Amino acid sequence: MSKTADIRLPDPSRWKALAFIALAQLMVVLDATIVNIALPHAQTALGISDANKQWVITAYALAFGGLLLFGGRIADLWGRKRTFVVGLIGFALASALGGAAQNQGMLFGSRALQGVFGALLAPAALSLLAVMFTDAKERAKAFGIYGAIAGGGGAVGLILGGFLTQALNWRWTFFVNIPFAIVAAAGAYFVIREPVGSRNRSALDIPGVVLSALGLVSLVYGFTRAESAGWSDALTIGMFVASGVLLLTFVLTEARVKSPLLPLRVLLDRNRGGVYLSLGLAIIAMFGLFLFLTYYLQVVKGYSPIRTGFAFLPMIAGMITGSTQIGARLMTRVPARKLMGPGFLTAAVGMLLLTQLEIGSSYTTLILPAQLLLGLGMGTAFMPAMSLATHGVEPRDSGVASAMVNTSQQVGGAIGTALLNTIAASAATAYATSHAALGATDPELLKLQSMVHGFTGAIWWAVGILVVASAIAVTFINAGRPSATAATGTSGSSDADGVEDEFKVPVVAH
């Protein structure tokens, strides 16, 4: 392999390929939230206890989060197209099993299988974009679309989940994945042409696979258990300790082995590290918000599942606008940090508005503008983040670099749900205790007021987290704007005088 200039014509089918990659990514992202609305109905139908219902969500999160790095490495080894198609077919079969579930064991097993195949699919999708779109302007447009889906897909899941559950039944929240997967797999098979010579055929790092999977599973489960059992629970603490030991051992192992699962050169680059960290923090805030707004609209305001889903449309519109009209247009003109930093701050302002929530708050004058600001800010930040996370990575590492993006999002989602929900519950309990007199005269009013007080208390934390994400993006990320012909290779950075270089990225010839 030599890093010599190589003039390679762009794939003429790349934009068609983007449509199928985007469809697959939408399926994976919306699946994280679509089941939430259907869960109460599935619980009743299959006789799942309150203690076990969390496993519908947890089984997926553990398998997906734990195997993402492995999935990214498989994509580099097998080839992204093959991994992508296998992931889609497997996801469709797992979804069919979930929709046909006759007992809780079948449902939990199907969700775990969805997570396994999602862990193959998600990094393969992002790494395909990374190796197919190498021109800076085209890359900006492609990642603008991808970033909008990655940011807004969760809200789309709430809308679709509400509609399917109310109009049909909960099983269709699983069955709906099948046509998505079939169309995306067929399109990918016939349209996607993966660049030649971009695989990493090194031997698989088995110790790295085992240590990373167990470490990430312990971390995700620790946060998931903390939400239900509390932070002082012995098993919760044990999971965090085990995770720390396993992940530290993983890092030490990766520094020694010849062909590491996660080459430290991918992780230690300051630009990619800044993206992984700031993006993970932003997802913490976003997942908490989805949870709180869903409960606020349905429990406090009395919205139906479908109406609740549509209430999230302004956020989706804001994300699409921020990603495709702001981020994509400015990415080739300004450095990534000048989009990510202000983007996260704009989202923080939107979140700040929601700290003013009360039982009688108006959707039009408070929630709608807050969602628009959140969507615009996150969309603007997500697009350059997704692009920069795989920019400058050697083609043979694009799968694991893509997997790290998904890992930061998955771990961020687990932390956000557990941490912010715990903060909200504690604040609600404290409010109810201090206003016990109201409970004696109007217990229902006290219940709602306590709930809203808990939400706003946790949202204040989310505001702070977004401000920290903005600071990290501005501080860590120093890459200049992409040059007109940027491609996958080595990324630029600030020179000794602090003057930003453009990405001057030679195509790697094989």
Side-chain angles (χ1 to χ4, degrees), residues 22 25 29 68 72 122-123 125-127 129-130 133 136 139-154 266-267 269-287 318-348 374-393 398 401-413 416 465-482 486 488 491 493 503:
Q25 176 64 13
V29 174
L68 272 168
L126 184 55
S127 59
L129 286 190
F133 289 89
R139 186 180 177 93
K141 292 178 183 177
F143 276 90
I145 295 169
Y146 187 90
I149 291 172
V266 172
L267 192 61
D269 176 89
R270 66 179 292 167
N271 291 294
R272 284 190 291 276
V275 167
Y276 299 149
L277 189 55
S278 61
L279 198 60
L281 287 170
I283 292 295
I284 289 175
M286 286 299 294
F287 265 67
M319 283 184 175
I320 293 173
T321 302
S323 190
T324 61
Q325 300 304 311
I326 301 175
R329 291 178 183 272
L330 294 180
M331 196 184 88
T332 56
R333 301 178 185 179
V334 300
R337 72 169 182 269
K338 294 184 179 178
L339 291 173
M340 292 179 63
F344 288 139
L345 279 182
T346 301
L374 275 161
L376 282 170
M378 296 297 271
T380 300
F382 268 40
M383 202 286 302
M386 292 291 180
S387 179
L388 189 58
T390 54
H391 207 125
V393 178
S398 64
S402 303
M404 274 303 300
V405 179
N406 289 283
T407 300
S408 67
Q409 290 179 295
Q410 184 65 22
V411 173
I465 290 170
L466 283 171
V467 171
V468 172
S470 175
I472 289 173
V474 172
T475 304
F476 279 68
I477 297 171
N478 67 348
R481 65 182 178 85
T488 304
S491 64
S493 60
F503 285 122

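All values derive from a computational prediction rather than experimental measurement. Heavy-atom basis, side chains included; hydrogens, waters and symmetry copies ignored. For reference, positions follow the sequence shown, starting with 1.
- Using a 4.5 Å heavy-atom threshold, the side chains of R272 and M404 count as separate.
- The minimum heavy-atom distance linking S470 with F344 is given by the pair CB-CB, 3.8 Å.
- With sequence neighbours excluded, the residues satisfying side-chain contact (heavy atoms from CB on, under 4.5 Å) with I472 are L277, S278, L281, V468, F476.
- Side chain of N271 to main chain of L388: no donor-acceptor pair is present (N/O by atom type, distance under 3.5 Å, no hydrogens or angles).
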(request) Could you check I283 against F382 for side chain to side chain contact (heavy atoms under 4.5 Å, CB included), going step by step and ending with a plain yes or no? (result) CA-CA 10 Å; I283 292 295; F382 268 40; 3.6 Å; yes
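- How far CG of L279 is from CE of M378: 7.5 Å, rounded to the nearest 0.5 Å.
- A473 approaches G341 most closely through the heavy-atom pair CB-N, 4.2 Å.
- Heavy atoms only, all atoms of each residue included: V474 and R337 are closest at O-CD, 3.5 Å.
- The shortest distance between side-chain heavy atoms of I477 and M340 falls below 4.5 Å.
- In this structure, the separation between CG on L466 and CG on L345 is 8.5 Å, given to the nearest 0.5 Å.
- Heavy-atom minimum distance, T346 versus G377: CB-CA, 3.9 Å.
- Under the rule for a side-chain contact (heavy atoms from CB on, under 4.5 Å), the partners of L339 that lie at least two apart in sequence or sit in another chain are L330, M331, V334, T380, P384.
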